[in-house]
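Input: a single structure, listed below in structure tokens.
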Amino acid sequence: MPDVSVLNSSEKPKVLPYDPLNPEFLANPYTNYARLREQAAVHRTDAGVAVMRYKEVNQVLRDPRFGHGNGLGAQDAKVPSPEGPKDALMFMDPPDHTRLRALVNRAFTVRVVQRLRPIIEELAMELLTAAREKHGDSPLDLSAEFCRPLGVRSVNRLVGVPEEYTERCIGYGRDGGRGLDPGFTLTPEAEQQRLKVRDGVMEITLEMIEDRRAHPREDLVSDLIRVEEAGDRLNEIEILTTVANLFLAGWAAPQALLGLASVALLQHPEQRAYYTAHPEHAERSVEELVRYDSTVQLVERMALEDAEVNGIKVKAGEEAYLLFGSANRDPRAYENPDTLDLTRVGPRNVGFGHGVHYCVAAPVAKMITEVGLNVLLTRFAPELTVPQPKTNGAITQRSYAEIPVALTAGP
């Protein structure tokens, strides 16, 4: 028998097997995921299927029969351009995705990312010192004072965004928190906010590309303009949509991951102690933090042709919603999955995807988190002032709206 559960037609919402806007779910989705995951690996909905378990999520990510096509995710994520709405890199399918990703990878090298490390450390120390001086012993919002500006300013230094754009970019990173959510979950006001953020991002992108063509620098935009692979280059629209894609992902994912990781460690003193005592294992520790509380909770794929998941037929055009947050807590893949264990050795998490669409900005988000945590926990002594901070209400990219902490000087 196929491992599947079917929603009754009277149940809502019909696209997902749970209510993604329920405040209790948003506060802690993992209890609901566990219940649904044990009921079935795959839940059929009116739109297609929701995939809950690690093995099956990985299979769909690697199955060429699934892609973005003209599915709901791709339609919701189009970015504006002078030629009309265009697909962003992360929502393209081969062969266009293959070509553009190869060119982008040549600009987004390990060397490029690594040169950010001392910059992130300097920015982190600057931000936390300023927050401490501003607030003293009074509570402060770690998200507003540290996570958001560190994520945005670090990515901006990588890409080459002028300093005068910083506050606008921080605002776009904050206001674009639901930018990747399925359109059917947004109010008209939230949809207008999403479009406003994308228009603002495109305005900055156009100005930067024009400047870098005239005045190249050692930054990612200049690298993308120069990059060439076998005589191939990015055209104007491809550069535009790729840089805009990096902004939209880069301003949101790092600050979200840093916030989730900070709270996780502040709620687990023994793991916090391990993190600070073992900097040589920082990379592995960040991977466990990604697994434990995933910033990317859900992604959408469309069946490009008739396919199946765990024996369940999925017709061409139907949607497959992949629950990364659930897959990363699957006991079939991880022992004691609800426990945060920085010494864990296990299969690679799916926090930023797998396969050809693995997030191009993931290395930057992880480095910002690693370095940010190092400075936060070794130079200062933060403590949460609430048991559980509130999330920003996003469905796709989980993040905290605010993180109230008391911040004192470290040892």
Side-chain angles (χ1 to χ4, degrees), residues 1-26 29-78 85 87 90-91 93 178-191 194 294 296-327 329-330 350 353 357 393-398:
M1 289 288 292
D3 190 4
V4 65
S5 68
V6 180
L7 291 179
N8 296 326
S9 60
S10 61
E11 291 182 322
K12 292 183 179 181
K14 296 180 180 179
V15 174
L16 294 167
Y18 55 87
D19 180 358
L21 300 178
N22 182 296
E24 292 184 6
F25 170 81
L26 291 170
Y30 300 107
T31 301
N32 269 318
Y33 289 159
R35 174 178 57 81
L36 292 165
R37 192 174 53 239
E38 292 314 303
Q39 290 175 359
V42 179
H43 291 251
R44 177 159 287 285
T45 75
D46 290 351
V49 294
V51 186
M52 308 298 301
R53 295 180 187 167
Y54 181 90
K55 177 182 176 181
E56 288 74 16
V57 165
N58 266 286
Q59 288 175 343
V60 174
L61 287 172
R62 297 178 182 279
D63 189 336
R65 296 175 298 177
F66 289 92
H68 292 293
N70 62 350
L72 296 177
Q75 294 300 316
D76 286 338
K78 288 186 181 296
D87 289 327
M90 62 182 173
F91 288 95
D93 292 318
R178 296 200 60 195
L180 294 177
D181 281 359
F184 65 86
T185 68
L186 299 180
T187 64
E189 293 77 16
E191 177 62 28
R194 173 158 74 180
S294 309
V296 181
Q297 291 280 306
L298 158 147
V299 298
E300 176 269 348
R301 294 289 187 269
M302 190 182 82
L304 304 177
E305 58 184 271
D306 290 351
E308 62 178 47
V309 184
N310 198 46
I312 307 306
K313 295 186 182 303
V314 184
K315 295 180 180 179
E318 286 191 315
E319 306 285 341
Y321 287 93
L322 311 182
L323 280 298
F324 284 6
S326 175
R329 294 282 190 105
D330 187 351
V350 292
H357 283 99
I395 297 163
T396 298
Q397 192 164 74
R398 177 172 162 83

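Heavy atoms only: backbone and side chains are in, while hydrogens, waters and symmetry mates are out.
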message = Minimum heavy-atom separation for Ile395 and Gln297, please, with both atom names.
response = O-CB, 3.6 Å
note = Sorted by chain and number, sequence neighbours left out, ring-ring contact (aromatic ring centres under 6.0 Å, His included) with Tyr30 holds for Tyr33
request  = Could you list the residues that satisfy salt bridge (Lys or Arg N to Asp or Glu O under 4.0 Å) with Glu318, not counting sequence neighbours?
outcome  = Arg44
ask   = Do Leu61 and Arg301 come close enough that some side-chain heavy atom pair is under 4.5 Å?
value = yes
query = Shortest non-hydrogen contact from Thr45 to Val15?
reply = OG1-O, 3.1 Å
request  = Could you list the residues that satisfy side chain to side chain contact (heavy atoms under 4.5 Å, CB included) with Lys55, not counting sequence neighbours?
outcome  = Gln59
request  = Determine the minimum heavy-atom distance between Asn310 and Ala41, stating which atoms define it.
outcome  = ND2-CB, 3.7 Å
key: Sidechain-backbone polar pair: Arg398 side chain, Leu26 backbone, donor-acceptor under 3.5 Å   = yes
query = Are the side chain of Asp306 and the backbone N or O of Ala316 linked by a donor-acceptor pair below 3.5 Å?
reply = yes
ask   = Sequence neighbours excluded, which residues qualify as side chain to side chain contact (heavy atoms under 4.5 Å, CB included) partners of Asn58?
value = Tyr54, Arg62, Val350, His354
key: CG-OH distance between Asn32 and Tyr18, expressed to the nearest 0.5 angstrom   = 9.0 Å
Ala34: side chain to side chain contact (heavy atoms under 4.5 Å, CB included) partners, not counting sequence neighbours = Arg37
request  = Give, for atom CZ of Arg65 and atom CD of Glu308, the distance between the pair rounded to the nearest 0.5 Å.
outcome  = 6.5 Å
query = Can you name the residues that form a side chain to side chain donor-acceptor pair (under 3.5 Å) with Glu24, not counting sequence neighbours?
reply = none
inquiry  = My understanding is that only one of Val49, Val51, Leu298, Val309 makes a side chain to side chain contact (heavy atoms under 4.5 Å, CB included) with Leu322; could you say which?
reply    = Val51
message = Restricting to non-hydrogen atoms, name the atom on Pro17 and the atom on Ala50 that form the minimum distance, rounded to 0.1 Å.
response = CD-CB, 3.5 Å
task = Measure the spacing between CG of Asp46 and CG of Leu16 and express it to the nearest 0.5 Å.
result = 11.0 Å
message = Once ring-ring contact (aromatic ring centres under 6.0 Å, His included) is applied, do any residues pair with Phe324, and if so which ones, sequence neighbours excluded?
response = none
Validation row: Leu323, Val57 side chains within 4.5 angstrom (heavy atoms) = no
